[in-house]
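A short worksheet on the structure shown next.
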Amino acid sequence: MRNIDNIPSKFDFNDREDKIYENWEKSGYFHAEVNPDKKPFTIMMPPPNITGQLHMGHALDTTTQDIIIRWRRMQGYETLWQPGTDHASIATEAKVVDKIRAEGKTKEEIGREEFLKEAWAWKEKYGSKISKQLRKLGASTDWERERFTLDEGMSRAVLQVFVNLYNEGLIYRGLRMGNWCPNCVTNISDIEVVHEERDSSLWYINYPLADGSGSIQIATTRPETLLGDTAVAVNPNDERYTHLIGKEVILPIVGRKIPIVADDYVSLDFGTGQVKITPAHDPNDFAIGQRHDLEFIEVIDKFGNMNDKAGKYEGMSRDECRKVIVKDLQDLGVLEKIDAIKHNVGTCQRCGTVIESRASVQWFVSMKELAEPAIEVVRNGEIKFVPEHFEKTYFNWMENIQDWSISRQLWWGHRIPAYYCQNSDCEETIVAMEKPANCPKCAGTDLVQDEDTLDTWFSSALWPFSTLGWPDETPELKYFYPTNTLATGYDIIFFWVARMIFSGLKHTGEKPFDTVLIHGIVRDAQGRKMSKSLNNGVDPLEVIAKYGTDALRYSLINGTAPGNDQRFQEQTVESGRAFVTKIWNAFRFVMMNLDEGKAINEYVLDKELLQLEDKWILSRLNTVIAEVNKNLEKYELGLALADIYQFLWDEFCDWYIEMLKPRFADKDNKSRETAQATIVYVLKTAMTLLHPFMPFVTEEIYQYLDADKSIMLTDWPIADTNYIDKEAEEHMSVLFDVIRQIRNIRAENEVSNKQEIRAYALCENQELADYFNTARSYIQRLAGVGELHVQEEDNLPKEHFSIIFKGGQILIPAEDIADPEKEKLRLEQEEAKLIGELEHSQKVLSNESFVSRAPEAVVNKEREKLADVESKLALVQKRLQELK
């Protein structure tokens, strides 16, 4: 136990949090080992990008996982919270390219080998930044096992999966029209495209018929792609244009003749019903081009600029070309009109650049066979989503899944293990873990590896098992896998969660986890998504520096429910800081009222010596423990924290401590030691209960109470039903209600705290009357009551103020309060409030659907509420009648 002579007046989080965390990590408290004597519990940390800067999403995600892992650790599980970082192909390559560009070079100039050296150097310098920031949040993750998606073991797993899937025919290579980001200079998958509604235009252009018999009119949102048109299409069922099928038109500006073809794809309702076909720059046009064997003319390069096929527009950006070509069409007299429209534009999820549709040879994973078992494990309940409604999101995507484009035109990442024989008579493709010495088909030695790397999500999909040593059958894989709870945001159900599920099933034969806990996103105070463009992001590290980690964690969990978005409000962090202060002050009060020289462990509870308030606080404590455990099992972290907060702030600090003050002040009181033992026990247990949520202040307090071990290694509280006394809790609740109401009347009528008043308690039953007699001293001291008369109906004051409580009323002589008019106003307000509650309850109970479908306990509770309101209202109205 620490020396209590110099307990600081406040918890100095700036000084203590880092030191507490350093001690935890140095002591190895976060580390997990294969332990046959314990049941494992595993959480896989969603690996943040090495380019990442801690943001509120990380803070919420990390806090959620840390609460769960600390709770399970204290329950006695061998807990592994597996950390690591992701190499983030696109984002990291962009950072390194910028660095090289700033030095006056390009990545092509320095070559792949030198570029990768630069990338690894960048990773070593900046890659651990976010791991250090996660420590500031109190993340009790096993840093000794930290992994990186490009480390040797992880890379071997990636290559093994690629080779296995290829050999089974589930990975293939082919020419496809895909999404191309001109800024990231790579192909990206459909789910990496964000569609944004933007203002645009629809340009109507006349294409002259080659035979001089007139012209046809097309409508387009992209006039710059006209340069790559190779046909015009009409619907074969459109009677307006059947006579034109087979004819040719002259492409404006270019002067090239192109055919008019018939295709069912063309809508009869959109635009003019005549569509320009640009196979190289539109996925639908690409398909039409293949069906009709049309020429493929690419006029926009991989950087989004017009290429040499664009004629005089070569070198212009897409936007520049559009402006110039529209003017040229106007000058030619073929631009008929321009309509303003709104339409969805695909943008890159990472950088926001408008996506270009571009045909290229890419590698794909065939998804249908992999998706079916992944759908089944969720449908049959082997994997549960919390909240359950996110299963619909998962099913919607998985049941309509497209083949996964996995190749990226980048250098940073896992290079595709495909080798091409350069013998022109062979051109064999070999997929292997290592570069073969010879071509198996022609024995040639000139083999060149594919230039592309794999989509970052390909390696992330293997995270739950590759981090544990797969493909080797390691002890860790056998013990910790399958993992337990995955906590993540709903925005990556497609990107990551689904891919981990089908990958785990395919490559290990087992599900990767049993529960997917989905949390929402943290929005700004106005409900907007935090973004760089809005400049509305909040830096968690700045919040921590101002208020402390415990306060930030409190604000992120307080009042939240699984799956729901939340608004970040600094007032909630301030409330968290106030809670820390409240706890600390209560702790100091406890320590100051212990006997000098007596060790904490010498205070032992004796049930036989407990006083009324001791029995009540122990009952409340164990009731709260039961509620917290129930809510944690359901992942209702917000409700669990609310239970603990209400207990500590209202019941322990505001009521129990106040009740104990006379016993502590009287050193000859025989029950003083019982009070000391009780308050120490309750404080220690409450700190243990709060620890997963607010780890730093609870550890600091616990070290004064029990320095033999860290709080995080203590046993998790289990409710002791022997202490739970619901009747005592209900009676004490009535008592508090009475004390509050008396205090309110005194305050409203400006009665001095020093002035004692009289009170007459009239109870509906003798049991409650006996309780008021037992609790007489609390009412007298805490409400400033001098004389308390219980059930003395013969000498009631004629002029009085009335307090209505559950099971009776209290009368206070008007002469003790002095202003009956204020009492009348107060009772009228109370009457209006009770009438509103009565009407609400009557409406609820008159709803047949509610009465027949709601649980019986819920219906009975509503009926009890109605009866209570009716009783209170009758007393209030009776008292009002007397006053009138």
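Position 1 is the first residue of the sequence, and the numbers go up from there. Please read these numbers as outputs of a predicted model, since none were measured by experiment.
- Counting heavy atoms of neighbouring residues, nucleotides and ligands inside a 6.0 Å radius, atom CD of Glu152 does not exceed 12 of them.
- Salt-bridge annotation for Lys309 and Glu314: absent, with no side-chain N of the basic residue lying under 4.0 Å from a carboxylate O of the acidic one.
- Remark: Arg101 engages Asp98 in a salt bridge, criterion side-chain N to carboxylate O under 4.0 Å.
- When every heavy atom of Ile416 is checked against every heavy atom of Gln449, the shortest pair comes out as O-NE2, 3.0 Å.
- Under a 4.0 Å N-O distance rule, the pair Glu224/Arg318 does not qualify as a salt bridge.
- Looking only at distances, a side-chain donor or acceptor of Gln133 sits under 3.5 Å from a matching main-chain atom of Leu54.
- A salt bridge is defined here as a Lys NZ or Arg NE, NH1 or NH2 lying under 4.0 Å from an Asp or Glu carboxylate O, and Lys99 with Glu118 meets this definition.
- For the 3.5 Å distance criterion, the side chains of Gln362 and Gln409 qualify, holding a donor opposite an acceptor.
- Side chain of Thr445 to backbone of Asn438: no donor-acceptor contact under 3.5 angstrom is found.
- Side-chain atoms of Asn423 do not come within 3.5 Å of backbone N or O of Gly444 as any donor-acceptor pair.
- Between Met44 and Thr467 the shortest heavy-atom distance is CE-OG1, 3.4 Å.
- In this structure, the side chain of Ser405 does not engage the main chain of Phe364 through any donor-acceptor pair within 3.5 Å.
- Distance check: Thr225 OG1 to Leu227 CG gives 8.0 Å after rounding to the nearest 0.5 Å.
- The shortest distance between side-chain heavy atoms of Val354 and Arg198 falls below 4.5 Å.
- Electrostatic pairing of Asp319 and Lys323 does not count as a salt bridge here, judged by no charged N lying under 4.0 Å from a carboxylate O.
- Here the CD1-CG distance, from Ile277 to Asp285, works out to 4.0 Å after rounding to the nearest 0.5 Å.
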Ignoring hydrogens and angles, write down the donor-acceptor pairs under 3.5 Å from the side chains of residues 498-508, residues two or more places apart or on other chains.
from	atom 1	to	atom 2	distance (Å)
Arg499	NH1	Phe495	O	3.3
Ser503	OG	Arg499	O	2.7
Lys506	NZ	Glu168	OE1	2.6
Thr508	OG1	Tyr481	OH	3.2
Thr508	OG1	Gly504	O	2.6
Thr508	OG1	Glu510	N	3.1
Thr508	OG1	Glu510	O	3.1

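- Although no hydrogens or angles enter the test, the distance criterion places no donor-acceptor pair under 3.5 Å between the side chain of Thr186 and the main chain of Arg408.
- In this model, no donor atom of one side chain and acceptor atom of the other lie less than 3.5 Å apart for Trp463 and Asp86.
- Checked against ring pair (Phe, Tyr, Trp, His ring centres under 6.0 Å), Phe296 has no partners two or more places apart in sequence or in another chain.
- Applying the side chain to side chain donor-acceptor pair (under 3.5 Å) criterion to Ser466, with sequence neighbours excluded, gives no partner residue.
- Salt bridge annotation for Lys107-Glu93: present, with a cationic side-chain nitrogen under 4.0 angstrom from a carboxylate oxygen.
- Side chain of His281 to backbone of Val299: a donor-acceptor contact under 3.5 angstrom is found.
- For the residue pair Asn344/Glu197, the side-chain donor-acceptor check at 3.5 Å is not satisfied.
- For the pair Arg379 and Glu391, the salt-bridge criterion is not met [side-chain N within less than 4.0 Å of a carboxylate O].
- Glu369 CD: 12 or fewer foreign heavy atoms inside a 6.0 Å radius.
- Between Trp404 and Phe458, the ring-plane angle classifies as tilted under the 30° and 60° cut-offs.
- The shortest heavy-atom contact between Arg222 and Lys276 is O-NZ, 4.2 Å.
- Using a 4.5 Å heavy-atom threshold, the side chains of Thr220 and Ile205 count as touching.
- Checked by atom type and distance alone, the side chain of His414 pairs as donor or acceptor with a backbone atom of Thr149 at under 3.5 Å.
- Under a cutoff of 6.0 Å and an axis angle of 45°, Lys435 and Tyr419 do not form a cation-pi pair.
- For the pair Thr347 (side chain) and Val194 (backbone), a donor-acceptor distance under 3.5 Å is present.
- For Asp339 and Tyr204, the side-chain atoms include at least one donor-acceptor pair closer than 3.5 Å.
- Under 4.0 Å is where a charged nitrogen must lie from a carboxylate oxygen, and between Arg156 and Asp151 no such pair does.
- Judged by the 6.0 Å distance and 45° axis criteria, Lys302 is not positioned over the aromatic ring of Trp180.
- A distance-only check finds no donor-acceptor pair linking the side chain of Asp229 to the backbone of Ala231 [under 3.5 Å].
- Looking at heavy atoms from C-beta onward, Pro182 lies in side-chain contact with Thr353 at the 4.5 angstrom threshold.
- Look at Arg415 and Asp450 and you find no salt bridge, because none of the NZ, NE, NH1 or NH2 atoms lies under 4.0 Å from a carboxylate O.
- To the nearest 0.5 Å, the span separating CG on Asn187 from SG on Cys181 amounts to 10.5 Å.
- Within the 6.0 Å centre-distance limit, the rings of Trp120 and Trp412 are counted as a close aromatic pair.
- Counting only N and O atoms by type, the side chains of Asn305 and Tyr313 include no donor and acceptor under 3.5 Å apart.
- Thr272 places a side-chain N or O within 3.5 Å of a backbone atom of Gln274 that can act as its donor or acceptor partner.
- Taking both residues in full, the closest heavy atoms of Pro259 and Thr230 are given as CD-O, 3.3 Å, listed atom of the first, atom of the second, then distance.
- Taking the six-membered ring for Trp and thresholds of 30 and 60 degrees, Trp397 and Phe494 have ring planes inclined between 30 and 60 degrees apart.
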